[in-house]
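The block underneath contains the structure these notes are about, expressed in structure tokens.
Start at 1 with the first residue, then count along the sequence.
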Amino acid sequence: MVMDAANKLGTYIPHFCYHKKLSIAANCRMCLVEVEKAPKPLPACATPVSAGMIVRSASDKAVQAQKSVMEFLLINHPLDCPICDQGGECQLQDLAVGYGKSESRYEEDKRVVVPKDAGPLVSMQEMARCIQCTRCVRFGQEVAGVMELGMIGRGEHSEITAFVGQTVNSEMSGNMIDLCPVGALTSKPFRYSARTWELSRRKSVSPHDGLGANLIVQVKGGKVKRVLPLENDAVNECWISDKDRFSYEGLEAADRLTQPMLKQGGEWKEVDWQTALEYVAHGLKNIKHEHGANALAAVATPHSTLEELHLLQKLTRAMGSDSVDTRLRHSDFSLAGVTPWLGMSITEFGQLNRAFVIGSFLRKDHPLLATRLRTAVKGGAKLSVLHATDDDLLMNVANKMIVAPSEWLSALSQVVVAVAKVKEVAAPAGFEGVQASDAANAIAASLISGENKGVFLGNAATQHPQAAALHAAAQWIAEQTGAKLGYLTEAANTVGAYLANANSGTAPVFTEQKQAYLLLNAEPELDAHNPQQAAAALKHAEMVVVMSAYKHGMEYADVLLPVSPFSETSGTFVNCEGRAQSFNGTVKPLLETRPAWKVLRVLGNILGLSGFEYETSEAIRDEVLGAGVTDLSAKLNNVSKQAVVAASAASTGTERIADVPIYFADAVVRRAESLQKMADAAAPQAHLSSALAEQLGVAAGDKVKVTQGSGSAILVAAVDAKLPANAVRVAAAHASTAALGGMFGSITVEKAGEGK
């Protein structure tokens, strides 16, 4: 189109409805240009280029057309820029300076549009400003995959609105705020809290999912006021998920820990850093002396930076212990020699034409990877899925196998047999009795037929009790079909944790009770695979040191050390494609908070350990990765030597499938007020299959008691007709389900008695 040609040449043509990532609407007419031999001006965004074409974007005829369009746009637009939240970053305001008149010829009343409630994130209070460019509508349909806004009415009665009685709930909805070229859609949490010119802008990296979205963090008065996407086509394009955009509210949470605290005689006392660190060092030395070095364990979340994890494992090993781990939600540790990563670049992921995703709540676990895959599917790619729930992925799924978690290996075994049959190769030993179902044959045929192919293991597959066997089967399928094997990694620094050598355990964290625990950014009652086990281990320990930005674990901790969240420290995250992205702190640490790498360095010095003389976080990063290295894909390896095994008989009882809801996934998001008002942050329910609900005599909305191991929870029942007959879906990472056991495994459900 003429607009794209002009962009390539660096020629600016004014526009509102055109956006390089959205389809062409050509409805604002601001980009009218003069095309030689055309009788009247044409829209640059919708006029194809042809050889020898002469276009004038700034001729008298073109400029006059653009000025006329601007005059029409301003007939009904409220001219109260000083009170508009978008003032200072509004395209209409900018272009009105160049193309608008100083006074209007129209004296009729301006039209008024009734404000609407679109939920806790997007404000539609100023819809009278809307110029009907339809960017928000097209974004929902084309990128987010769900049409939540649309246009009704005709002529001057036309308006953008949400569906009757509904709010905007997509996990990508915040991007509509950036796309709006006027002040019609604004950010509800940020609204009226600062002016755009008062904010200083700093680059950062998202600390949440494995994509590592690039961010612009906007700061005023030492506080984070707003987070916007920093465009990077190779990573997040120009989008970010709502989790990345609005989680900054959690940085100001009421339970921020700002002073070191010690528990003395059952009472919590605030102390200075020197006292707290000497107490920790003394306690660790004592436990090592009395119980041996092996009585010490360090546990961190993979949302911690590379530098923090490197010093944590270095300190633990210098003390003589090898117990350090970030894989809190894993339950199978038998897979050796693998550093899980995406297996390709994010750009390549978006160009796949065959994908097989195993065990992933794709949309909620990886919102931005899901948008890439959605675009590929719209372009003709075929997606196959093996999972325990049949959630709406907002894209066409060509083939799916929805079975209970204990049958995943059996389902993969069927795909192995189907691939072997089509490729005319021998299936691995032990697969003689396996019969491929129609769905397995369809998945095999789909994978064999494509060009760019990928087989991916999601978070649920990684956390599965048979994770190593699932990996081996997926690897065999990938090798035989010519596909690449990849992992959709869980957290911002899952890959970095492996590179920092911060994963050494061979058994699930907390299965072996230790005498001393160092917890970094971890809330085990919400982050562990089995919260029951975690709570028991921490209560049994003689000493628990919590290094966190928040006050938690007060019942089992002995020391609380306030460490910086991502906005207050410098560090590095390694994303799912092996890209190391370093960032600086965007604001100063709050009160007595200190970056965790500095705390660990000083603790190393007090303990008298060698190799803790770092001046900067960059020096630690270079020790781990080498100076100037950003592409680490050569160091990563998805291939294991694990033998492929066929599934044994599946369990017959009722079993749990646990998702980690998008807004409970890490400590910062759990405290972001606006995100916690979203539908995705509702308290977990017990989702039962239709068959199970009928068998128990339970209807949706009834109370049920779910029991696992020594703990139980009373939850509201929901009936999901698409769930496997013997599966119960109960979310993890929430206080109401923290008394339950493992994220997978048998679970009992009964109708709760009256009065419970």
Side-chain angles (χ1 to χ4, degrees), residues 21 143-145 170-175 178 203-217 227-248 301-306 326 339-352 355 357 360-376 393-395 454 456-459 462 484 486-499 566 571-583 630-633 636 638 660 662-663 665-666 668-669 675:
K21 296 284 183 189
V143 181
S170 153
E171 61 280 359
M172 299 285 289
S173 64
N175 293 293
D178 296 340
K203 294 179 183 177
S204 192
V205 178
S206 162
H208 304 300
D209 60 35
L211 189 99
N214 292 197
L215 310 176
I216 296 170
V217 176
V227 173
L228 298 174
L230 175 64
E231 191 170 335
N232 183 343
D233 245 20
V235 181
N236 56 311
E237 301 176 281
C238 52
W239 317 122
I240 52 174
S241 67
D242 290 353
K243 181 158 74 164
D244 298 335
R245 183 183 299 270
F246 296 106
S247 65
Y248 71 86
T301 66
H303 300 278
S304 312
T305 67
L306 183 79
T326 64
T339 314
W341 70 297
L342 191 59
M344 58 185 71
S345 71
I346 290 166
T347 308
E348 281 177 80
F349 182 83
Q351 294 163 349
L352 290 169
V357 177
S360 175
F361 297 92
L362 192 60
R363 259 180 69 199
K364 306 300 180 184
D365 289 347
H366 313 283
L368 286 154
L369 282 177
T371 62
R372 293 253 185 186
L373 203 51
R374 187 172 298 120
T375 308
L393 299 180
L394 303 178
M395 60 184 114
F456 301 98
L457 293 152
N459 294 0
T462 317
K484 288 184 172 173
Y487 275 85
L488 305 174
T489 59
E490 181 184 0
N493 210 24
T494 299
V495 178
Y498 282 86
L499 294 168
F566 82 104
T572 306
F573 291 134
V574 183
N575 75 353
C576 58
E577 64 175 352
R579 179 190 295 256
Q581 301 187 106
S582 295
F583 56 92
T630 55
D631 181 8
L632 299 158
S633 53
L636 308 175
N638 278 333
V660 177
I662 182 169
Y663 302 135
D666 61 77
V668 179
V669 171
L675 291 176

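Residues forming a salt bridge (Lys or Arg N to Asp or Glu O under 4.0 Å) with Lys21 (at least two apart in sequence, or on another chain): Asp233, Glu237. Under the side chain to side chain donor-acceptor pair (under 3.5 Å) criterion, Arg372 pairs with no residue at all, not counting sequence neighbours. Remark: Ala376 engages Ala381 in a side chain to side chain contact (heavy atoms under 4.5 Å, CB included) (not counting sequence neighbours). Under the salt bridge (Lys or Arg N to Asp or Glu O under 4.0 Å) criterion, Asp178 pairs with Arg245, not counting sequence neighbours. Residues satisfying the ring-ring contact (aromatic ring centres under 6.0 Å, His included) test with Trp341, not counting sequence neighbours, are none. Listed by chain and number, the residues in a ring-ring contact (aromatic ring centres under 6.0 Å, His included) with Phe583 are Phe573 (sequence neighbours excluded). Legend: residues meeting side chain to side chain donor-acceptor pair (under 3.5 Å) with Arg374, ordered by chain and number and at least two apart, are absent. With sequence neighbours excluded, no residue satisfies ring-ring contact (aromatic ring centres under 6.0 Å, His included) with Tyr248. Applying the side chain to side chain donor-acceptor pair (under 3.5 Å) rule to Thr489 yields no partners; only residues at least two apart in sequence or on another chain are considered. Residues passing the ring-ring contact (aromatic ring centres under 6.0 Å, His included) test with Phe246: none are found, sequence neighbours excluded. Partners of Tyr663 under the side chain to side chain donor-acceptor pair (under 3.5 Å) rule, at least two apart in sequence or in another chain, do not exist in this structure. Legend: residues meeting salt bridge (Lys or Arg N to Asp or Glu O under 4.0 Å) with Lys484, ordered by chain and number and at least two apart, are Glu348.
In this structure, Leu230 and Ile216 have side chains that are in contact, with non-hydrogen atoms separated by less than 4.5 Å. Looking only at side-chain heavy atoms (C-beta outward), Leu368 and Asp244 come within less than 4.5 Å of each other. The closest side-chain heavy-atom distance from Leu342 to Leu488 is below 4.5 Å. Between Ser304 and Thr326, the closest side-chain pair of non-hydrogen atoms is not below 4.5 Å. With a 4.5 Å cut-off on side-chain heavy atoms, Ser204 and Phe566 count as touching. Between Glu490 and Thr462, every side-chain heavy-atom pair lies at or beyond the 4.5 Å cut-off. Taking 4.5 Å as the limit, every side-chain heavy atom of Phe456 sits out of range of all side-chain heavy atoms of Leu373.
Between Val235 and Asn575, the shortest heavy-atom contact is CG1-ND2, 4.3 Å. When all heavy atoms of His303 and Ala491 are compared, the pair lying nearest together is CE1-CB, 3.5 Å. Contact between Gly496 and Leu306 at its shortest, heavy atoms only, is O-CD1, 3.4 Å. Shortest non-hydrogen contact noted between Ile240 and Asn175 is O-ND2, 2.8 Å. In terms of heavy-atom proximity, Val669 sits nearest to Ser247 at CG2-CB, 3.9 Å. Counting all heavy atoms, side chain and backbone alike, Gly212 lies closest to Asn214 at O-ND2, 3.1 Å.
In this structure a side-chain-to-backbone donor-acceptor pair under 3.5 Å is present from Asn493 to Val574. Here the side chain of Asp209 pairs no donor or acceptor atom with the backbone of His366 at under 3.5 angstrom.
Residue Ser170 holds its OG atom at 6.5 Å from CZ of Arg363, rounded to the nearest 0.5 Å. In this structure, the separation between CZ on Phe349 and CG on Leu369 is 5.0 Å, given to the nearest 0.5 Å. The distance from the CG atom of Asn236 to the CD1 atom of Ile346 is 8.5 Å, given to the nearest 0.5 Å. Between atom OG1 of residue Thr572 and atom CZ of residue Arg579 there is a gap of 14.0 Å, rounded to the nearest 0.5 Å. If you take CG on Leu215 and CG on Asn232, they are separated by 11.0 Å, rounding to the nearest 0.5 Å. Distance SG/Cys576 to CE/Met344: 10.5 Å, rounded to 0.5 Å.
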message: For a side-chain contact (heavy atoms from CB on, under 4.5 Å) check, start with the C-alpha distance between His208 and Asp666, then their side-chain angles and the critical distance, and finish with the verdict.
response: CA-CA 7 Å; His208 304 300; Asp666 61 77; 2.8 Å; yes
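Between Lys364 and Glu171, at least one side-chain nitrogen of the basic residue sits less than 4.0 Å from a carboxylate oxygen of the acidic one, meeting the salt-bridge criterion.
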